[in-house]
Amino acid sequence: MTEARAVALAPPDAATARAASVALAATGPLIRMEGVTKTYDSGELAVQALRGIDLVIEEGEMVAVIGPSGSGKSTLMHIIGCLDAPSSGAYRLEGRDVSELSSFQLAAIRNQKVGFVFQTFNLLPKASLLRNVELPLLYAGVNGAERKEHALEALRRVGLADRAKHRPSELSGGQRQRAAIARALVNEPSLILADEPTGNLDSKTGLEILEIFDRMHVKGETIVIVTHDPRIAERCQRIVQIVDGRIEDDRRS
């Protein structure tokens, strides 16, 4: 993970993290979208990535968002994760209208409420796994001893406690993705968002990563996986298919 990417996913500093802590109302579904659109203006040509998305995701669901390249699934993930904002429509996270939140509050949500898992791992190459996993806690202003305790526990959950002092370059692709999952879990977020989490892995290693998500789901974690692979989607309890910026199908697996 680049330093720039790390900063983008975290509050500007620990004081801001504490001041901008968002107490969202625990009423209704975890995610509710109504008529969400997203248009990118690229000069003379406007690209409509989302065209009126209505979507409800309850706590504890494991949902796959599938669709071909350019269908809008990554744009949808960015809006769910508060990395981007809709052009129109309403998005409520834990009952709170996200459009009413300040930039500091949105940064706090990304740090405390959402755990991100990316296809390319996005780990700091010169830092140990322990340091990488501690990063969200550091931005949240957690003290050193507590950071280490929580980071080690997250690494234990993904079977990497014995690799805590290793750097990403000393690990396999599967181990690096497990470290990225540990980093996503360390703040005990309300939601895990995974964007093509097995895209850079072989079939066997990808299956091991999916088994970790299965165990997380059994423990009650809410997980949204963006993928183009129907084999991955079939492991989820629900599949949302997006085509040309619209939800074409929403079914139970």
[X] (side chain) donor-acceptor with [Y] (main chain) under 3.5 angstrom:
X	Y	answer
R156	A161	no
Q237	M62	yes
E134	R183	no
R51	D244	yes
E170	R167	yes
D41	A46	no
R178	V158	yes
D97	R92	no
K38	A85	yes

- [ ] For salt bridge (charged side-chain N to carboxylate O under 4.0 Å, His left out), just list the numbers for E234 and R251, CA-CA rounded to whole Å, side-chain angles, deciding distance to a tenth of an Å, and then say yes or no.
- [x] CA-CA 11 Å; E234 290 296 335; R251 63 183 173 86; 3.3 Å; yes
4.5 Å side-chain heavy-atom contact, [X] and [Y]:
X	Y	answer
L101	R96	yes
L124	R131	no
L191	I80	yes
I31	V56	no
N111	P136	yes
I212	R215	yes
P86	L50	no
M77	V224	no

Task: Joint hydrophobic cluster, V240 plus V243, side-chain heavy atoms closer than 4.5 Å - done: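 No, because V240 and V243 fall into different hydrophobic clusters, even though each may have its own neighbours under 4.5 Å.
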- [ ] May I have the step-by-step check of side-chain contact (heavy atoms from CB on, under 4.5 Å) for D214 and R235, ending in yes or no?
- [x] CA-CA 8 Å; D214 287 342; R235 295 181 69 95; 2.4 Å; yes
Which distance, rounded to the nearest 0.5 Å, do you find between the [atom1] of [X] and the [atom2] of [Y]?
X	Y	atom1	atom2	result
N132	L138	CG	CG	11.5 Å
L152	R147	CG	CZ	12.0 Å
H228	S71	NE2	OG	11.5 Å
R32	L93	CZ	CG	12.5 Å
L155	H150	CG	NE2	13.5 Å
Q175	R163	CD	CZ	5.5 Å

TODO: Flag the pair R157 and E153 as a salt bridge only when some basic side-chain nitrogen lies within less than 4.0 angstrom of an acidic carboxylate oxygen.
DONE: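 A salt bridge is absent here (no side-chain N lies under 4.0 Å from a carboxylate O).
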TODO: State plainly whether the residues R231 and D229 are in salt-bridge range, i.e. N to O under 4.0 Å.
DONE: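 Looking at D229 together with R231, the answer is yes, because their closest N to O distance falls below 4.0 Å.
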Looking only at non-hydrogen atoms, find the nearest pair between [X] and [Y] and report the distance.
X	Y	value
P68	I242	CD-O, 3.7 Å
S190	L30	O-CD2, 3.7 Å
I192	A184	CD1-O, 3.8 Å
D54	I247	O-CD1, 3.4 Å
T39	S87	N-OG, 2.9 Å
A180	F121	CB-O, 3.9 Å

Task: side-chain contact (heavy atoms from CB on, under 4.5 Å), paired with T198, selected from T205, I209, L207 - done: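 With T198 as partner, side-chain contact (heavy atoms from CB on, under 4.5 Å) holds for just one option, I209.
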Task: Sole residue of L76, I57, L193 in side-chain contact (heavy atoms from CB on, under 4.5 Å) with V65 - done: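 It is L76, the one option of L76, I57, L193 that forms the side-chain contact (heavy atoms from CB on, under 4.5 Å) with V65.
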Task: Results of side chain to side chain contact (heavy atoms under 4.5 Å, CB included) for A194 - residues two or more places apart only - done: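 So A194 forms a side chain to side chain contact (heavy atoms under 4.5 Å, CB included) with V117, P197, F213, I225.
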Task: Pairing residues for S103 by the side chain to side chain contact (heavy atoms under 4.5 Å, CB included) criterion, not counting sequence neighbours - done: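 By the side chain to side chain contact (heavy atoms under 4.5 Å, CB included) rule, S103 matches no residue at all.
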TODO: With side-chain contact (heavy atoms from CB on, under 4.5 Å) as the test, would you mind laying out the steps for I181 and M216 before giving the verdict?
DONE: CA-CA 10 Å; I181 293 171; M216 290 162 57; 3.9 Å; yes
Open item on the list: Applying the side-chain hydrogen bond (donor to acceptor under 3.5 Å, both in side chains) criterion to N200, which one of Q119, Q177, R176 satisfies it?
Closed with: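 So the option named by the test is Q119.
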TODO: Hydrophobic side-chain clustering at under 4.5 Å (ILVMFWY, transitive links): who's grouped with I66? Put none if nobody.
DONE: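 I66 shares its hydrophobic cluster with I239.
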Task: E58 atom CD: more than 12 heavy-atom contacts under 6.0 Å - done: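 Enclosed.
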